[in-house]
Amino acid sequence: MASADKLINTYVPEKDVFALHFLQSLSNLRTQNPLNSPDKSIDRVRKIKKAAYVSMARAAGGTSRLWSRALLRRAAKDDNKSVRFSRRKRKVTWKISSKRKRSNQRAPVVEEAAERLRNLVPGGGGMETSKLMEETAHYIKCLSMQVKVMQCLVDGLSPK
Amino acid sequence: MENELFMNAGASSHPPVITSPSSSSAMLNWVSMETQSVDPSLGCNLFWEKSTEQSIFHSALSSLVSSPTPSNSNFSGGVVGGENVMIRELIGKRGNIVDIYGTPASNGNVSGSCYATPMSSPTPGRMMVMKTTTPITEISGDPGFAERAARFSCFGSRSFNGRTNSPFPMNNEQPVATNEKMPRISSSPALKPLVSRVPTGESSGEFSRKRKAKSKQNSPSTVSPSKEIEEKEDSDPKRCKKSEENGDKTKSIDPYKDYIHVRARRGQATDSHSLAERVRREKISERMKLLQDLVPGCNKVTGKALMLDEIINYVQSLQRQVEFLSMKLSSVNTRLDFNMDAILSKDIFPSSNNLMHHQQVLQLDSSAETLLGDHHNNNLQLNPDISSNNIINPLETSETRSFISHLPTFAHFTDSISQYSTFSEDDLTSIIHMGFAQNRLHELNHGSSKQVPSHMKAEL
């Protein structure tokens, strides 16, 4: 569907961008915890995971994507920080899909699956179904890229 | 000009005499002549009272306009004889037509020769309307003739009736989209509701308001060439237009407005809600196709529900992978000194590294998948020979103690995934010890028997 891609922008940067962001975040983690294992491994895992997601969101387009924006906001809220949003070119209309008058007429099969998808994709709660699917496509691309990066990192780091 | 055709057909008083190449002025002439009609009732009602004439006229016109630069023979062949008969009747009834046609000397286009020889071959580059005995002024060859003629037919069918002085909407002047639409004009019944709106004296400004490309408007009366006759059915933000195009749908995104223009398909409801619904459904299906390309293994699946399930599973598996890899990374971190420079200099991201190494990790991933995917089984039927072995393989070189120290991480990891049954440490160690024995065996069979259950391996 090359033509569809032109209308729906699902551009994802190269692997290097993701790698750079992730390594930066990891090094930040390292400097934060100079001691080797001050905390339990769970926390370490969680931190790494969070660093992975945040770096992925940054690499994927910062605050120009709905899901990355929601992800960053979520992460910043946990850290009690604030996220700086870039100025949006177009106003994002938020439609609360559950309050649609004619929601019962929208294909219930699709809507039910869309609900599940909304729980998975960050920031999906406020999106309309068609927008949700756009974001899902981009999210999938970025996730797979991040997985590749992490895999390579693990490969490189693990002993031969 | 086509105006002559209508003139003659409608037996309006004045010949249109079009000198100016622009169609607008031609129309103006026509209209002015309409208003100046010596005999308001001349032919107009007469002509159109005969219902059969309409259809004949339309068909004749369509055949006419379908050949923009016809030869004389075409004309004669195209025009149904009945039309000529009608016109002859009109001429007979109104004997002064010739005089009337002769009067407008202002335009200077009228030439007696034209009248004398209505069937004479058209001058080069000009179109002649051949009515047998009707006086015809020269018709300038006009590429827009067909369109204008067609438009005339649309509006003529109704507007002629007792509306000789009706202000003719100027919209028709502009060349309609393409000639290919002309044949459809003959479907007059479809046009009637359209046309009925015309004589209501809607200002052309109203039409122009609906034009999407406002920049193309040269004058208030002009019509964007890409638009056809619009039907104002609803004043929704979504401009919907009924068109005679069969099953055709166009959707264009307006750079000036945020409206999406949609055409109602033939035979479908033109309710604004249903149209919006249809647009929405098509958007969703288009995006579903996009997603289908992204998610591997979705080509066989048909149907929205299954596709969406597949997509959801894929997203979930990707997220699980991230989690697992982060866990792995943390374990790697504990064992090694995390040295940024070392990593960066290590060229970690080559296209192909140690093949064996990759395979090892491959197996690890597969083991992870089996671990994760097997949450249904509570009794740890995890292909212990392969999986546990593979858990060990990459870490085999390290001390077993360090490995066992990682068992808690594994357990923790599995704990964090609520849906999976928690593996007790004892179970894991037992598996691992089981796998130890078969270590050597499976080391050899690294790449051969590896099945690739998940996409992750495919990527590597």
Side-chain angles (χ1 to χ4, degrees), chain A residues 1 4-5 7-8 10 15-16 19 23 26-27 29-30 36-37 40-42 44-53 56 102 105-107 109-110 112-114 116-117 120-121 128-130 133-134 136-137 139-141 143-144 146-160, chain B residues 273 277 280-281 283-284 286-295 304-305 308-309 311-312 314-316 318-319 321-323 325-336 338 340 343-344 346-350 353-354 357-358 361 365 394-395 397-398 408-409 412-413 416 455-456 459-460:
Chain A
M1 287 285 131
D5 275 339
L7 296 173
I8 306 168
T10 50
K15 214 197 309 188
D16 313 327
L23 285 174
L26 281 184
S27 68
L29 268 185
R30 184 104 185 131
N36 222 2
S37 56
K40 297 187 187 122
S41 42
I42 281 188
R44 201 165 53 241
V45 170
R46 274 199 220 120
K47 278 187 188 166
I48 290 183
K49 187 170 84 161
K50 190 168 165 188
Y53 275 110
M56 173 174 78
R102 292 166 67 95
Q105 299 215 6
R106 317 252 161 181
V109 178
V110 173
E112 165 208 344
R116 280 189 280 160
L117 205 54
L120 282 177
V121 175
E128 241 244 316
T129 305
S130 62
M133 305 188 87
E134 269 187 61
T136 307
Y139 186 59
I140 285 176
K141 273 191 182 174
L143 262 182
S144 54
Q146 182 72 22
V147 161
K148 273 187 216 168
V149 164
M150 291 175 76
Q151 192 68 67
C152 288
L153 196 58
V154 163
D155 288 351
L157 283 180
S158 63
K160 308 217 178 4
Chain B
H273 281 301
E277 196 67 32
R280 185 181 165 275
R281 261 184 272 131
K283 257 196 204 173
I284 287 181
E286 175 192 336
R287 275 154 191 146
M288 290 269 297
K289 282 192 202 130
L290 184 66
L291 279 169
Q292 204 170 17
D293 298 336
L294 275 181
V295 179
K304 284 188 190 171
L308 283 165
D309 286 343
I311 291 168
I312 288 170
Y314 187 63
V315 171
Q316 273 174 345
L318 277 177
Q319 284 177 339
Q321 271 180 44
V322 168
E323 208 170 332
L325 282 171
S326 68
M327 189 220 72
K328 255 207 100 199
L329 260 180
S330 78
S331 72
V332 161
N333 272 359
T334 55
R335 286 191 295 109
L336 298 176
F338 189 62
M340 269 292 283
I343 291 165
L344 288 175
K346 224 187 198 181
D347 188 23
I348 292 181
F349 308 103
N353 222 344
N354 190 356
H357 196 60
H358 274 279
V361 185
D365 297 333
L395 309 171
T397 54
S398 69
T409 60
H412 285 301
F413 169 60
S416 66
H455 46 273
M456 184 163 65
E459 287 169 13
L460 292 172

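Residue numbers start from 1 in every chain, and the chains themselves are labelled A, B, ... in the order their sequence lines are given, proteins ahead of strands.
No part of Gln292(B) comes within reach of chain A, as not one of its non-hydrogen atoms sits under 4.5 angstrom from that chain. Looking at Leu291(B), only its side chain comes within 4.5 Å of chain A, counting heavy atoms on both sides.
In this structure, the separation between CZ on Arg46(A) and CE on Met327(B) is 14.0 Å, given to the nearest 0.5 Å. Note that CD of Gln316(B) and CG of Leu117(A) are 9.5 Å apart. Values are rounded to the nearest 0.5 Å. Note that CD of Glu128(A) and CD1 of Ile284(B) are 7.0 Å apart. Values are rounded to the nearest 0.5 Å. Note that the CG atom of Leu308(B) and the CE atom of Met133(A) stand 5.0 Å from one another [nearest 0.5 Å]. Asp293(B) contributes atom CG, which lies 11.5 Å from atom CD1 of Ile140(A) (distance to the nearest 0.5 angstrom). Distance check, rounded to the nearest 0.5 Å: OG of Ser326(B) to CG of Leu153(A) gives 11.5 Å.
Closest approach of Val322(B) to Met150(A), counting heavy atoms only: O-CE, 3.6 Å. Residues Gln319(B) and Leu120(A) approach most closely at NE2-O, 3.3 Å, considering heavy atoms. Of all heavy-atom pairs spanning Val109(A) and Ala305(B), the tightest one is CG1-CB, 3.3 Å.
Within the 4.5 Å cutoff, side-chain heavy atoms of Arg116(A) are placed close to those of Asp309(B). Annotation: side chain of Val110(A) is not in contact with side chain of Arg281(B) (no heavy-atom distance under 4.5 Å). Between Thr136(A) and Leu294(B) there is no side-chain heavy-atom pair separated by less than 4.5 Å.
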